[in-house]
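Just below is one structure, and these are the notes that go with it.
Any value given below was found using the heavy atoms of this structure, including those in side chains, with hydrogens, waters and symmetry copies removed. Labels below follow one simple rule: chain letters A, B, ... track the order of the sequence lines, proteins then strands, and each chain is numbered from 1.
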Amino acid sequence: MTTALITSLLAVVTMVQQTDTTFPVQPNARLRLSNPGGSVVVRTWDQNSVRIVAEHSRRSVIRVRNDPNTIVIDERTERGPGSIVEYEITIPSTLDLQLGGNYSDFDVQGVTGQISIQSLDGNIKVSGGRERIKLHSVQGAIDLSDAQGKIEVETVNDRITVSRSSGELTAETVNGRIMLLDVDFSNAEASTFNGSITHNGAIHENGSYFFATHMGSINFTVPEGTNATISVATGKGNFRADFEVERPENGKKRFQFTLGSGGALVELESFAGRISLRRPDGEEE
Amino acid sequence: MRHITQQQLNAYVDGALGEHEHREVGAHLESCDECRDALAELMSLVAELGGLPREGRPARDLWSGIAERTVERRLVTPIDRGRAAMRSAWSISLPQAAAAAVAAAIIAGSGVWLALGGGGAGPDFSLTPPPPATGAEFVLAPADMATYDDVVAELTRQLNARRAELDPTTVRVIRENIQIIDAAIGEINEALALDPSNEFLNAYLARAMRRKVAVLQSAMKLASRT
Ligand SMILES: [Zn+2]
């Protein structure tokens, strides 16, 4: 091995530096973090303090500005924002989170505060969140579970999965499927252009459910005993149901029927795909 | 006055200070470079996080408003219940002048949006006739179409102007997704040509157009951050 090579290896090793800092916070504070590139992992613990472990360029520093209500974290070099930072942050679960990044992946677990994450080209994976949960990407997939509240998830060129969550949901993508699994929403709206939509969960008596796709299928699970008024609209697509449904004899592409007392409003639209009403697993007739 | 504290600065950016303190902080900022720098930095961070303070944020664009109301209408008219009845009472029709004014306002404020654009000319919409004043039928009015065309054209222009600032992959992804939406809009328009007063198709068209504007806006936002 030449000296030059050894030197350059050393240089690579020492380019990266780790910052590790812990400080007290109010349990109801808000944490704001902007990470242009890299990854952000957030976990919780039973202490009223925040620990930040960050791997970053040796030429940059991690800055924490902390007032009783808001913690602001970012990274700076002498010439402005640096490049890639890998964060591992541990917080009290009750903190509100406001995270953003351009080319950054986010992975958040166990937070019981509000969560807002924007990543333009990065995947967002969240387990938890209360009251308001807003996840927004352009090129990344969104995976949300165990959230409760007003949920807004949006991406453009990837898929959305929401599971074991309740409250109200808006989910939008263009080029990707939307899976809503084991959910319990009183109101849910989901739309995509190129992808299927699956809803598997509770249908509230006074709830409303609106799902629309242009090119994909819609799979909507209807538990036995559901009270719902269901509107179906297909263009070039077709319709099928696991159970008896009153259908127009003229083969109309738009029709509506009532199950039980008709409580919930369900609207399913697919321009070019199939709309299927299914019984939950194990309830097939 | 001493330098502004971090706490005051956060509250100032959030618009959460009382009137007196807000004025005091404002006055200090006018005379203190150091605090002004700190404010600018925090503002840019907050902007990156998508949480612009209310007063700095451009008015929500008209087209989204139109399309959102349209989505409210959806295809529930036949259902005889309170909620649905409320939705069906709605009809969309804006005087041309009002729509033009709104479009102008959007464009004036759109430096912040940056933009998107899939390239190419705006979609070629066949205009549907305005809706009857009270009927249940829903169609998009020509003024709405004009507003939409203006908004899309402006966003596309801005996006093209900033294309160099965007990552090539991002440009490709945005363009592909705009093409997906445009293809859908094309198919909806074909269907509408056969059935111009079909309210499902009209509502669907409005939603597709709203989504296209939203995707263009996301791309703009992206260009502004890179
Ligand atoms: Zn000062």
CG on B/Asp182 to CZ on A/Phe193, rounded to 0.5 Å: 9.5 Å

Under 4.5 Å from a heavy atom of chain B, the part of A/Asn157 involved: both

In short, A/Phe271 meets B/Leu201 closest at the heavy-atom pair CE1-CD2, 4.0 Å

So what's closer than 4.5 Å to chain B heavy atoms on A/Thr155: side chain, backbone, both or neither? backbone

Which one of A/Thr70, A/Val156, A/Asp67 has the most heavy-atom pairs closer than 4.5 Å to chain B? A/Asp67

Enter the distance from B/Asn177:CG to A/Asp158:CG here, rounded to the nearest 0.5 Å. 10.0 Å

Just to verify, which of B/Ile188, B/Ile180, B/Ile181 counts as forming a side-chain contact (heavy atoms from CB on, under 4.5 Å) with A/His214? B/Ile188

Interatomic distance, OH@B/Tyr204 vs CD@A/Glu269, rounded to 0.5 Å, equals 7.5 Å

Tell me, side chain or backbone of B/Glu176 under 4.5 Å from chain A's heavy atoms, or both, or neither? neither

Measuring from B/Leu9:CG to A/Arg65:CZ, what's the distance to the nearest 0.5 Å? 8.5 Å

Could you tell me the separation between the CD atom of A/Glu154 and the CZ atom of B/Arg211, rounded to the nearest 0.5 Å? 4.5 Å

For B/Ala11, is it the side chain, the backbone, both, or neither that has a heavy atom closer than 4.5 Å to a heavy atom of chain A? neither

Between A/Tyr103 and B/Thr170 the two heavy atoms that sit nearest each other are OH-OG1, 4.3 Å

Check whether any side-chain heavy atom of B/Ile174 lies under 4.5 Å from a side-chain heavy atom of A/Val138, and answer yes or no. yes

Is A/Glu189 paired with B/Arg207 through a side-chain N to carboxylate O contact shorter than 4.0 Å? no

Quick one: what part of A/Glu172 sits under 4.5 Å from any heavy atom of chain B, side chain, backbone, both or neither? both

